Q: 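First, the structure itself, so that you have it in front of you.
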Amino acid sequence: MFHSTNYNTENVDFKTAILRGQALDKGLYMLNKIPKIDQERIFSFRDLKFSEIGYNVLSKIIGKSIPSDKLRNIIKNALNFEVPIEHIANNDYICYLDRGPTCSFKDFGARTLARIMQYFLEIEEKNIIILTATSGDTGGAVAQAFYEMERIKVVVLYPRDEISDLQRKQMTTLGKNVTAIGIKGKFDDCQRYAKKAFADNELTNLNLSSANSINFGRLLPQTLYYFWSYSQIVEKKNEEIVFSVPSGNFGNLMGGLIAKRMGLPVRKFISAVNENDEFPNFLETGQYNKVVPSKNCISNAMNVGHPSNLARLIDLYGGQIDEQGIISRQPNMQKIRNEIISYSISDELTKITIKDFYNNHQKILEPHGAVGWAAVEIYRKEYNNDHKYRSITLETADPAKFPNEIINLVRITPEIPHSLKIIQNKKEFINPVEIETYGDFKGFLKNNF
Ligand SMILES: *Cc1c(COP(=O)(O)O)cnc(C)c1O
């Protein structure tokens, strides 16, 4: 069962949490109890394929909500791409989460969620509209994941002036059941409109649902690459390792924290953020202050001044924070600090890291992965004792999505993966309307759906 992080509405089952996305009291759904997997089993994952690990882990959480043959199929079809791990230097590894169709780690969550939702909608004979706000990559991953799915329409809100051409084209070249709207504003505005629409009584007949990391179904599959990458490098049972997680809305990190609660031996999570430093400041001071407006950094999918998944993170440690960012019950700060360390990486350091990484290893990091790698380097300097623990940095996107930065920094044009190549010259279905306020957006929804 799932509770709302605002504790102001009743508990629901998995199906309801998935189809609703956000809880009725505007909180986020979170597991009441996190199931455990024993160490023997986790160690034996070394011998399993990704999809089998996926089934082992997800069936623990989902229980009987989805029959096992169906669940196996969902995982196999959704996560049908490579997840390579590479040894870089000393005890430091990179796990590449960018091999899905939109070349971002969001393919894990979006593709799995799409199939789980469709399964439940068929049973209920219902139709829904997926409303999602994107800072860059979610929109493309969600739009592609739900493209041409029966019973589902998709509306994506993105900040018109803050995303790359390729990111935009991943949303605007689809058409059919996908509508992409570039708004004059920031990602935080997009997120605000989406949240408001979900809570708007005049829009209930639209059956709006969310595929943002607000939706618990997005988090579920984000536990899997932690188990997988761990199992690829672990040598002893119970061996602890360090994960560095480039963080924006903290959905990726939440996947890791849930994996740890399930039993995965994690020495430390490094939450690597860009110049939007509300989280490292919170860890340091115990006071939470949003960054308003959020700062524009080159790791643009992490330009988040008030991460939505903080509600789940704080809930996991016994606290409570509402959607405005007001903490009504302080979480166990000491426990959080034990398990998570967070560094804010400036754009300047991100760029230096991309350059140095290329010079030292002849490989190209993109800005998000570079933030993660830079944070590991700081951690290695600060915690000399921890050198014996191996680290895995999660690389969350393909460098080809940020060609200008890469060309400027390392003078190489990153090779464009096939899935990105084919959308480059496709026709865009651009902005049906100019949207500057929530009222504009609501009007658009009412007139068109
Ligand atoms: C969304 C995204 C992130 C941040 O992930 P969160 O789950 O929002 O913390 C990092 N890198 C890339 C490329 C992304 O698309």
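We number each residue from 1, following the sequence as shown. Remember, it's 1-based here, ligands and their atoms both numbered in the order they're listed. None of the values given here were measured: they were computed from a predicted structure.
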Q: Just to be sure I'm reading this right: ignoring hydrogens, which of N274, L97, N252 gets closest to atom 7 (O) of ligand 1? Compare them by their nearest heavy atoms.
A: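 Closest candidate by heavy-atom distance is N252.
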Q: What is the distance from atom CG of N359 to atom CD1 of I352, rounded to the nearest 0.5 Å?
A: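 Answer for the CG-CD1 pair, N359 versus I352, is 12.0 Å.
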Q: Check the orientation of F441 and Y193. Use parallel for under 30°, tilted for 30 to 60°, and perpendicular for over 60°.
A: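 Parallel, since the angle between the ring planes stays under 30°.
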Q: Note the single closest protein heavy atom to atom 4 (C) of ligand 1, along with its residue, its atom name and the distance in Å.
A: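 Of every protein heavy atom, G248 N, 3.6 Å lies nearest to atom 4 (C) of ligand 1.
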Q: For the aromatic rings, using the six-membered ring if either is Trp, is the centroid distance between F14 and Y29 under 6.0 Å?
A: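 F14 vs Y29: aromatic centres not under 6.0 Å.
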Q: Hey, looking at atom 3 (C) of ligand 1, which of K106, R218, Q167 has the closest heavy atom?
A: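 Residue with the shortest heavy-atom distance to the ligand atom: K106.
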Q: Using the six-membered ring of F2, assess whether NZ or CZ of R20 lies under 6.0 Å from its centre and within 45 degrees of the ring axis.
A: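 Geometry flag: not set, cation outside 6.0 Å or 45°.
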Q: Does NZ or CZ of R337 come closer than 6.0 Å to the centre of the six-membered ring of Y317, within 45° of the ring's axis?
A: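 Output no; distance or angle outside limits.
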Q: Could you find the nearest protein heavy atom to atom 8 (O) of ligand 1 and give me its residue, atom name and distance?
A: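 Scanning the protein heavy atoms, the shortest distance from atom 8 (O) of ligand 1 goes to N249 N, 2.7 Å.
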Q: Counting from 1, what ligand 1 atoms have a heavy atom of G251 closer than 4.0 Å?
A: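 Reading through ligand 1 atom by atom, the close ones are 6 (P), 7 (O), 9 (O).
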Q: Is it the case that more than 12 heavy atoms not belonging to E415 sit under 6.0 Å from its CD atom?
A: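 Counting other residues, nucleotides and ligands, CD of E415 stays at 12 neighbours or fewer.
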Q: Measure the distance from atom 11 (N) of ligand 1 to every protein heavy atom, then report the residue, atom name and distance (to 0.1 Å) of the closest one.
A: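 Result: T396 OG1, 2.7 Å.
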Q: Which atoms from ligand 1 have a heavy atom of A397 less than 4.0 Å away?
A: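 Contacts of ligand 1 toward A397, numbered from 1: 13 (C).
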Q: State the atoms of ligand 1, each with its element, that fall below the 4.0 Å cut-off from a heavy-atom position in S247.
A: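 Under 4.0 Å from S247, ligand 1 has these atoms: 9 (O).
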